[in-house]
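Predicted model, so just to flag it, every value in this text is computed and none were measured.
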Amino acid sequence: MPRALITGITGQDGSYLAEYLLEKGYEVHGLIRRSSTFNTGRIDHLYTDFHDPEARMYLHYGDLSVSNHLMKLVYDIQPDEIYNLGAQSHVRVSFDMPEYTGDITGLGTLRMLESIRKTGIQTKFYQASSSEMFGAASPPQNEQTPFEPQSPYAAAKVYSYYVVKNYRKAYNIFAGNGILFNHESPRRGETFVTRKITRAATRIKLGLQAKLYLGNLNAKRDWGFAGDFVDAMWLILQQDKPDDYVIATGESHSVREFAEMVFQKLGLDYKEYVEIDQRYFRPSEVDVLQGDSSKARKELGWSPKVTFERLIDMMIATDLELANKEKTLLDAGYRNVKNHIR
């Protein structure tokens with residue numbers, strides 16, 4: 001039974017990847033941070049008590065800032081594959097917390113690679129790189145496009161990208177980068193713009209919210225489905241030699257287009273409900289990201305299956321269900337229920 005370790009397993013990508021690997025017969029180990037509240041909602045449906053002889057998913061407390069503990073976990077688990085998805089991944093927040101972002105998103109990758117080097121285990125390492133690394137570079141962006149990062153998050157990801165390439169060459173570690181363009185799902189965090197839009201629009205539809213405040217509506221992104229993208233992560237580690245790949249749909253849509261389609265599908269005009277708040281603009285903007293994934297399509301045999309419109313339909317359906325639950329509780333006399341509806 002192959003064994004995988006996933007950092008960031010409680011996130012959107014980690015949950016889809018855990019599902020994917022369990023379906024392929026893997027034993028899955030996940031790194032989670034200690035918290036006084038449970039943050040495992042995205043993977044609760046996968047969890048089986050470790051006392052159960054049929055259990056194949058195990059969670060371990062840890063943090064990408066603690067080198068010695070990471071090294072011990074890697075040595076004890078002896079994974080065949082490591083997927084480093086853990087990060088401070090919110091671009092706007094990285095301007096507010098640049099040092100923390102650099103430590104976790106950048107140096108966290110180095111700590112994982114050092115754990116492999118110092119323990120000497122034979123494993124394959126996947127690094128979750130980001131399209132934000134391209135920043136101001138002209139689209140379409142591919143593996144040869146120079147990086148022009150426009151945020152502390154993007155700069156930290158560029159560091160991680162190059163340290164992966166360095167350890168691959170210097171220490172002969174099987175380590176590859178997946179440069180993933182934006183990928184969304186019903187499991188996306190509610191502070192990310194796509195989920196922020198679908199969550200708010202469905203609440204507005206049911207009279208639970210009056211306005212939606214957004215930043216730059218003209219920013220364009222290449223949005224795909226997270227469930228499709230974890231397939232590419234796995235494929236990158238199944239190659240004979242480690243390499244780096246852009247993973248993208250090849251289509252680009254503006255935040256305005258996304259919002260317009262969401263509201264339209266709910267029978268609403270976004271112009272009546274969306275207002276601009278300057279606090280949501282980044283100090284330095286990224287205008288257009290559009291990926292050229294020709295290399296991945298040719299060498300990995302990968303291609304996205306979920307269309308832009310289908311992705312929006314999926315997210316609306318989930319958030320409309322949540323909004324209906326919230327409205328039912330409010331109508332029954334309950335208050336302050338929004339944060340308890342998941």
> With side chains defined as the heavy atoms from C-beta onward, is the minimum distance between Arg256 and Leu214 less than 4.5 Å?
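No. Closest side-chain heavy atoms not under 4.5 Å.
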> Run the salt-bridge test on Arg203 and Asp319 with the 4.0 Å N-O cut-off and return the result as yes or no.
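Not counted as a salt bridge, because no side-chain N and carboxylate O are separated by less than 4.0 Å.
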> What are the two closest heavy atoms between Ser131 and Ile179, and how far apart are they?
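Ser131 and Ile179 have their closest heavy atoms at N-CG2, 4.1 Å.
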> Could you tell me whether the side chains of Glu27 and His29 share a donor-acceptor contact shorter than 3.5 Å?
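A donor-acceptor contact under 3.5 Å links the two side chains.
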> Are any side-chain N or O atoms of Asp63 and backbone N or O atoms of Arg33, one a donor and one an acceptor, separated by less than 3.5 Å?
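Side chain of Asp63 to backbone of Arg33: no pair is present.
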> How about Phe258 and Thr198: do any of their side-chain heavy atoms sit closer than 4.5 Å?
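Contact flag for Phe258/Thr198 side chains = yes.
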> Scan Glu299, Gln239, Glu143, Arg297 and name whichever one has a side chain to side chain donor-acceptor pair (under 3.5 Å) with Tyr245.
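Going through Glu299, Gln239, Glu143, Arg297 one by one, the side chain to side chain donor-acceptor pair (under 3.5 Å) with Tyr245 is satisfied by Glu299 alone.
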> Hey, can you tell me if Phe134 and Phe147 have their rings parallel, tilted or perpendicular (30° and 60° cut-offs)?
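It falls in the tilted class, 30° to 60°.
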> Could you pull out the closest heavy-atom pair between Ile121 and Pro79, with the gap in Å?
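Closest approach of Ile121 to Pro79: CD1-CD, 3.9 Å.
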> Applying side-chain hydrogen bond (donor to acceptor under 3.5 Å, both in side chains), name anything that partners His253, two or more places apart in sequence or on another chain.
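By the side-chain hydrogen bond (donor to acceptor under 3.5 Å, both in side chains) rule, His253 matches Glu251, Glu257.
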> Just checking, any donor-acceptor pair under 3.5 angstrom between side chains of Asn84 and Thr109?
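Checked: Asn84/Thr109 side chains pair up, N/O donor to acceptor below 3.5 Å.
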> Given 3.5 Å as the limit, does a donor-acceptor pair link the side chain of Trp223 with the main chain of Thr249, or not?
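Absent.
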> Stepwise, does the side-chain contact (heavy atoms from CB on, under 4.5 Å) test hold for Asn142 with Lys295?
CA-CA 9 Å; Asn142 60 29; Lys295 178 180 176 181; over 6 Å; no
> Quick one, Phe225 and Met314 - any side-chain contact, counting heavy atoms below 4.5 Å?
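Side-chain contact under 4.5 Å: yes.
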> Does a side-chain heavy-atom distance below 4.5 Å link Lys118 with Tyr75?
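A side-chain contact under 4.5 Å is absent here.
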> Using atom types as modelled and distance alone, determine if a side-chain donor or acceptor of Thr7 lies under 3.5 Å from a backbone N or O of Leu85.
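Yes, because the side chain of Thr7 sits within donor-acceptor range (under 3.5 Å) of the backbone of Leu85.
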> When rounded to the nearest 0.5 angstrom, what distance separates CE in Met1 from CG in Asp80?
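The CG atom of Asp80 is 11.5 Å from CE of Met1, to the nearest 0.5 Å.
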> Quick one: list whatever passes salt bridge (charged side-chain N to carboxylate O under 4.0 Å, His left out) with Glu81, sequence neighbours left out.
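Salt bridge (charged side-chain N to carboxylate O under 4.0 Å, His left out) check on Glu81 returns nothing, list empty.
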> Given side chains that start at C-beta, do those of Asp244 and Arg168 come closer than 4.5 Å, heavy atoms only?
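Yes, at least one pair of side-chain atoms sits under 4.5 Å.
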> If you compare all heavy atoms of Leu268 against all heavy atoms of Ala201, which two are closest, and at what distance to 0.1 Å?
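Closest pair (atom of Leu268, atom of Ala201, distance): CD1-O, 4.2 Å.
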> Does Ser115 have any side chain to side chain contact (heavy atoms under 4.5 Å, CB included) partners at least two apart in sequence or in another chain, and if so, which?
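Checked Ser115 against side chain to side chain contact (heavy atoms under 4.5 Å, CB included); matches are Leu70, Met71, Val74.
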> Just by modelled atom types, is the Trp234 backbone N or O under 3.5 Å from a matching donor or acceptor in the Gln238 side chain?
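Indeed, once roles are kept as given, a pair shorter than 3.5 Å links the two residues.
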> Donor-acceptor pair, distance only, cut-off 3.5 Å: does the side chain of Arg335 make one with the backbone of Leu330?
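Flag set: sc Arg335 to bb Leu330 pair under 3.5 Å.
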> The test is salt bridge (Lys or Arg N to Asp or Glu O under 4.0 Å); show your working for Lys24 and Asp231 and say whether it passes.
CA-CA 11 Å; Lys24 285 188 172 294; Asp231 180 38; 5.9 Å; no
> Taking side chain to side chain donor-acceptor pair (under 3.5 Å) as the criterion, tell me which of His183, Arg187, Arg42 meets it with Asp13.
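Between Asp13 and the candidates, side chain to side chain donor-acceptor pair (under 3.5 Å) is satisfied uniquely by His183.
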> Could you pull out the closest heavy-atom pair between Leu212 and Ala200, with the gap in Å?
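Reported closest heavy-atom pair: CD1-CB, 3.6 Å.
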> Which atoms form the tightest heavy-atom contact between Leu21 and Ile6, and what is the distance?
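That closest heavy-atom pairing would be CD1-CD1, 4.1 Å.
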> If every non-hydrogen atom of Val288 is compared with every non-hydrogen atom of Ser252, which pair is closest and at what distance?
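Minimum heavy-atom contact is CG1-OG, 4.0 Å.
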> Would you check if Leu113 and Tyr171 make a side-chain contact, meaning some heavy-atom pair closer than 4.5 Å?
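No, side chains not in contact.
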> Would you say CD of Glu99 has more than 12 non-hydrogen atoms from neighbouring residues, nucleotides or ligands within 6.0 angstrom?
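Not more than 12 within 6.0 Å, no.
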> Tell me whether Gln150 contacts the main-chain N or O of Glu148 through its side chain, where contact means a donor paired with an acceptor under 3.5 Å.
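Yes.
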> Linking I/L/V/M/F/W/Y whenever their side-chain heavy atoms sit closer than 4.5 Å, directly or via other members, would Ile43 and Leu5 fall into one cluster?
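In one cluster with Ile43: Leu5, no.
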> So do Lys265 and Met261 actually touch side chain to side chain, heavy atoms under 4.5 Å?
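Of all side-chain heavy-atom pairs linking Lys265 with Met261, at least one is under 4.5 Å.
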> Does the side chain of Ser151 reach to within under 4.5 Å of the side chain of Phe95, using non-hydrogen atoms?
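Ser151 reaches Phe95 side chain to side chain.
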> Does any N or O in the side chain of Asp222 come within less than 3.5 Å of the main-chain N or O of Ala248, such that one atom is a donor and the other an acceptor?
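Here the side-chain-to-backbone pair does not exist.
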> With distance as the sole test, does Lys157 use its side chain to make a donor-acceptor pair with the main-chain N or O of Pro152 at under 3.5 Å?
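No; judged by distance alone, with no hydrogens or angles, the pair does not exist.
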> Does Leu311 belong to the same Ile/Leu/Val/Met/Phe/Trp/Tyr cluster as Ile247, with side-chain heavy atoms less than 4.5 Å apart forming each link?
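Hydrophobic grouping puts Leu311 with Ile247.
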> Would you say CG of Asn172 has more than 12 non-hydrogen atoms from neighbouring residues, nucleotides or ligands within 6.0 angstrom?
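Counting neighbours around CG of Asn172, 12 or fewer heavy atoms of other residues, nucleotides or ligands fall under 6.0 Å, so no.
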> Could you tell me whether Lys196 atom NZ has more than 12 heavy atoms of other residues or ligands within 6.0 Å of it?
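For Lys196, atom NZ is crowded (more than 12 foreign heavy atoms under 6.0 Å).
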> Anything under 30° is parallel, anything over 60° is perpendicular, the rest tilted; go ahead and classify Phe263 against Tyr270.
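Tilted.
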> Keeping the roles fixed (side chain from Arg195, backbone from Pro186), state whether a donor-acceptor pair exists under 3.5 Å.
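Here the side-chain-to-backbone pair exists.
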> Determine whether Arg56 and Thr48 satisfy the following criterion, side-chain contact (heavy atoms from CB on, under 4.5 Å), listing intermediate values before the conclusion.
CA-CA 8 Å; Arg56 286 193 293 116; Thr48 303; over 6 Å; no
> Under a 3.5 Å threshold, yes or no: a donor from one side chain and an acceptor from the other, between Thr105 and Gln88?
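No pair is found: no donor N or O on one side chain lies under 3.5 Å from an acceptor on the other.
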> For the aromatic rings, using the six-membered ring if either is Trp, is the centroid distance between Phe125 and Tyr167 under 6.0 Å?
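No.
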> For Asp269, does the CG atom have more than 12 heavy-atom neighbours from other residues, nucleotides or ligands under 6.0 Å away?
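Yes, enclosed.
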> Check Phe192, Tyr100, Tyr280 against His90 for a ring pair (Phe, Tyr, Trp, His ring centres under 6.0 Å) and give me the one that passes.
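Going through Phe192, Tyr100, Tyr280 one by one, the ring pair (Phe, Tyr, Trp, His ring centres under 6.0 Å) with His90 is satisfied by Phe192 alone.
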> Show, in sequence, the C-alpha distance, side-chain angles and deciding distance for Glu132 and Arg282, and conclude whether the salt bridge (Lys or Arg N to Asp or Glu O under 4.0 Å) test is met.
CA-CA 13 Å; Glu132 287 287 334; Arg282 303 177 186 178; 3.1 Å; yes
> Report yes or no: does Asn166 contribute a side-chain atom to a donor-acceptor pair with the main-chain N or O of Tyr162 at less than 3.5 Å?
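No: the side chain of Asn166 does not pair with the backbone of Tyr162.
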> Show your working on side-chain contact (heavy atoms from CB on, under 4.5 Å) between His45 and Glu19 and close with a plain yes or no.
CA-CA 10 Å; His45 66 291; Glu19 279 181 348; 2.5 Å; yes
> Please answer: with hydrophobic residues joined when any side-chain heavy atoms are less than 4.5 Å apart, are Tyr47 and Ile9 in the same cluster?
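Looking at the clustering, Ile9 is in the same group as Tyr47.
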> What verdict does the salt bridge (Lys or Arg N to Asp or Glu O under 4.0 Å) test give for Arg117 and Glu114, after you've listed the backbone C-alpha separation in whole Å, the side-chain angles of each residue and the deciding distance to 0.1 Å?
CA-CA 5 Å; Arg117 183 180 74 84; Glu114 276 289 274; 2.6 Å; yes
> Please determine whether residues Tyr159 and Ile104 belong to a single hydrophobic cluster, defined as Ile, Leu, Val, Met, Phe, Trp and Tyr linked transitively by side-chain heavy-atom distances below 4.5 Å.
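As far as the 4.5 Å side-chain criterion goes, Ile104 and Tyr159 are connected within one cluster.
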> In the single-linkage hydrophobic clustering (I, L, V, M, F, W, Y; side-chain heavy atoms under 4.5 Å), do Leu180 and Val158 co-cluster?
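No; Val158 is not reachable from Leu180 via cluster members.
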> Any chance the side chains of Ser129 and Asn177 put a donor and an acceptor closer than 3.5 Å?
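On atom types as modelled, these side chains qualify, holding a pair under 3.5 Å.
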> Show, in sequence, the C-alpha distance, side-chain angles and deciding distance for Ile197 and Val255, and conclude whether the side-chain contact (heavy atoms from CB on, under 4.5 Å) test is met.
CA-CA 9 Å; Ile197 291 170; Val255 175; 4.1 Å; yes
